[in-house]
Enquirer: 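The structure follows.
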Amino acid sequence: MISLKDKDIISISDFTKEEILYVLEMSGKMEKEYCPDILRGKILANLFFEPSTRTRLSFETAMKRLGGQVIGFDELGTTSTVKGESLRDSVKIIEGYCDIIVLRHFLEGASRLTADSVDIPVVNAGDGASQHPTQTFVDLYTIKKAKSDIENLSIGFLGDLKYGRTAHSLAYALAHFNADMYFISPPSLRMPKDYMEELEIRNVSYQEVETISEVSDNLDILYCTRIQKERFAEPVEYEKVKGLYKLSKSVMDELKVKDDLKILHPLPRVDEMDESLDTTEYAMYFQQAYSGIPVREALLASVLGVIQ
Amino acid sequence: MKKLEVSAIEEGTVIDQIANKSTFKVANILNIQNIEQVVLIGFNLSSKKLGKKGIIKIGGKLLTQEEVNKISLIAPDATVNIIKDSEVVKKFTVDIPDSIEEFMKCFNPNCVSNHQKILSRFHVIHKNPIRIRCHYCERHMGVDDIELV
């Protein structure tokens with residue numbers, strides 16, 4: 001029997017295929033059933049060293065919907081970090097106040113360091129340009145809802161594949177499910193070598209292209225990402241690639257695509273998806289955002305050991 | 001009799017089959033500038049296995065395990081010969097460890113291990129060619145990315 005009790009959620013690579021399927025199954029249950037008391041008496045600490053309204057609120061909502069309570073902060077200025085306290089000391093102290101830590105941090109690997117430092121479960125809510133595993137579970141759950149099954153799909157990843165951590169994690173997870181992957185980006189924003197190596201080791205079929213029209217007719221899912229201005233060290237590099245891909249209803253009408261193609265996006269968007277797309281049958285990104293609650297409910301309840 | 005390109009030593013350690021470009025990195029690992037006994041370094045020597053190789057001979061010194069581990073990362077084909085009375089009494093190839101702690105630096109400037117006072121940690125995911133994953137940020141490194149500390 002699969003149990004995620006006390007498991008840290010740091011990187012999607014820590015999860016087996018069976019554990020991923022278990023989380024998706026539990027997410028489906030949480031969406032159908034309202035369980036207002038299962039986390040009563042439990043406290044979640046939302047430690048956001050880097051701002052993120054959506055992820056923080058979704059964890060807070062998930063915890064409160066299950067009867068738990070939430071403490072935390074969402075800006076560095078109010079923490080002891082500004083007084084020079086180490087991350088390890090901070091989290092070891094906060095461990096005494098709560099049952100589970102949700103951490104977002106600007107340094108890559110901060111969540112792994114936190115998990116190594118405390119005995120309670122730690123959830124990575126995004127660290128630097130590295131992993132964002134709960135978003136990956138949300139993405140997988142949305143794909144499963146859209147296609148009933150996540151095996152043997154053709155997935156296009158569009159946009160910033162270099163810094164887009166959600167694309168990295170999703171590609172890694174989909175490698176369990178025999179996906180054909182198409183990476184659509186300018187050369188300067190290609191998927192990093194590390195992830196390509198992992199995919200090659202796992203015999204995943206993938207293709208790198210620069211324009212969506214080269215592969216659009218193959219796709220079951222198109223996963224769009226925002227080109228993230230904040231990840232570029234040089235503004236001039238951002239200027240070269242911003243606005244490179246713009247999807248709209250008229251663009252989709254001109255492209256050759258499958259009728260049941262679904263478009264996902266972790267949001268927020270800038271100009272890569274026009275609002276005219278929102279009312280088309282392709283758009284799945286708002287359902288994807290709403291799925292954040294049942295998926296995070298399932299993850300919190302699983303690692304706190306109240307659902308099996 | 002084969003003529004030696006680098007003179008023999010009577011007692012000490014010979015590190016042979018060093019990847020040519022790593023010869024001086026190995027010399028740095030061994031901190032040779034502070035060794036008072038004989039040190040002989042050969043560079044650009046011909047090697048059937050490597051094409052060109054380096055060799056370092058150090059009088060009166062035995063390598064520590066940490067030194068061997070460090071050498072294995074940048075010169076994975078290196079062999080270590082222990083010399084006594086001008087004879088090779090022990091010979092072994094360096095072995096890349098499965099995990100590495102402390103003596104390497106993550107090449108990712110945004111990795112938490114480069115900003116907090118913690119020991120760096122790495123997992124060797126592939127030995128030939130060497131690929132190393134940072135325990136914290138999970139970035140992969142190859143031989144050219146390795147920075148020893």
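Sequence lines set the chain letters: A, B, ... in the order given, protein chains first and strands last, and positions in each chain run from 1. Because the structure is predicted, anything quoted here is derived from the model rather than measured.
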Enquirer: Counting only heavy atoms not in B/Glu10 (residues, nucleotides, ligands), do more than 12 fall under 6.0 Å from its CD?
Expert: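 Result for CD/B/Glu10: open.
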Enquirer: Let me know if A/Asp127 has heavy atoms under 4.5 Å from chain B in its side chain, its backbone, both or neither.
Expert: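 Contact with chain B is absent: no heavy atom of A/Asp127 under 4.5 Å.
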Enquirer: Which value, rounded to the nearest 0.5 Å, describes the distance between A/His105 atom NE2 and B/His115 atom NE2?
Expert: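 Taking NE2 in A/His105 and NE2 in B/His115, the distance rounds to 10.0 Å.
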Enquirer: Counting only heavy atoms from other residues, nucleotides and ligands, does the tally under 6.0 Å from CD of B/Glu36 exceed 12?
Expert: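 No, CD of B/Glu36 has 12 or fewer neighbouring heavy atoms, counting only those of other groups under 6.0 Å.
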Enquirer: With a 4.5 angstrom heavy-atom cut-off, is it the side chain or the backbone of B/Glu138 that approaches chain A, or both, or neither?
Expert: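 Both parts, heavy atoms under 4.5 Å.
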Enquirer: Could you give the distance from OG (A/Ser13) to CZ (B/Arg133), rounded to the nearest 0.5 Å?
Expert: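 These two atoms lie 6.0 Å from each other.
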Enquirer: Which atoms of A/Ser111 are under 4.5 Å from chain B, going by heavy atoms: the side chain, the backbone, both sets, or neither?
Expert: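 Contact with chain B: none, neither part.
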Enquirer: Report the distance from atom CG of B/Asn108 to atom CD of A/Glu108, rounding to the nearest 0.5 Å.
Expert: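 Rounded to the nearest 0.5 Å, the CG-CD separation comes to 4.5 Å.
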Enquirer: Near B/Lys84 NZ, under 6.0 Å, is it more than 12 heavy atoms from other residues, nucleotides or ligands?
Expert: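 Atom NZ in B/Lys84 is not packed in, count stays at 12 or less.
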Enquirer: How about B/Asp98: does its CG atom have over 12 heavy atoms from other parts shown lying under 6.0 Å from it?
Expert: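 Counting other residues, nucleotides and ligands, CG of B/Asp98 stays at 12 neighbours or fewer.
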Enquirer: For the candidates A/Leu87, A/Ile10, A/Asp194, which exhibits the highest count of non-hydrogen atom pairs separated by less than 4.5 Å from chain B?
Expert: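 Heavy-atom pairs under 4.5 Å are most numerous for A/Asp194.
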Enquirer: What is the distance from atom CD of A/Glu197 to atom CZ of B/Arg131, rounded to the nearest 0.5 Å?
Expert: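 Rounded to the nearest 0.5 Å, the CD-CZ separation comes out at 3.5 Å.
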Enquirer: Can you tell me how far apart CG (A/Leu107) and OG (B/Ser113) are? Round to the nearest 0.5 Å.
Expert: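 Interatomic distance, A/Leu107 CG to B/Ser113 OG, rounded to 0.5 Å: 9.5 Å.
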Enquirer: Measuring from atom NE2 of B/His135 to atom CG of A/Asp116, what distance do you get when rounded to the nearest 0.5 angstrom?
Expert: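 The distance works out to 3.5 Å.
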Enquirer: How about NZ on A/Lys17, more than 12 heavy atoms from neighbouring residues, nucleotides or ligands closer than 6.0 Å, or not?
Expert: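 Yes - once you tally the heavy atoms of other residues, nucleotides and ligands closer than 6.0 Å, there are more than 12.
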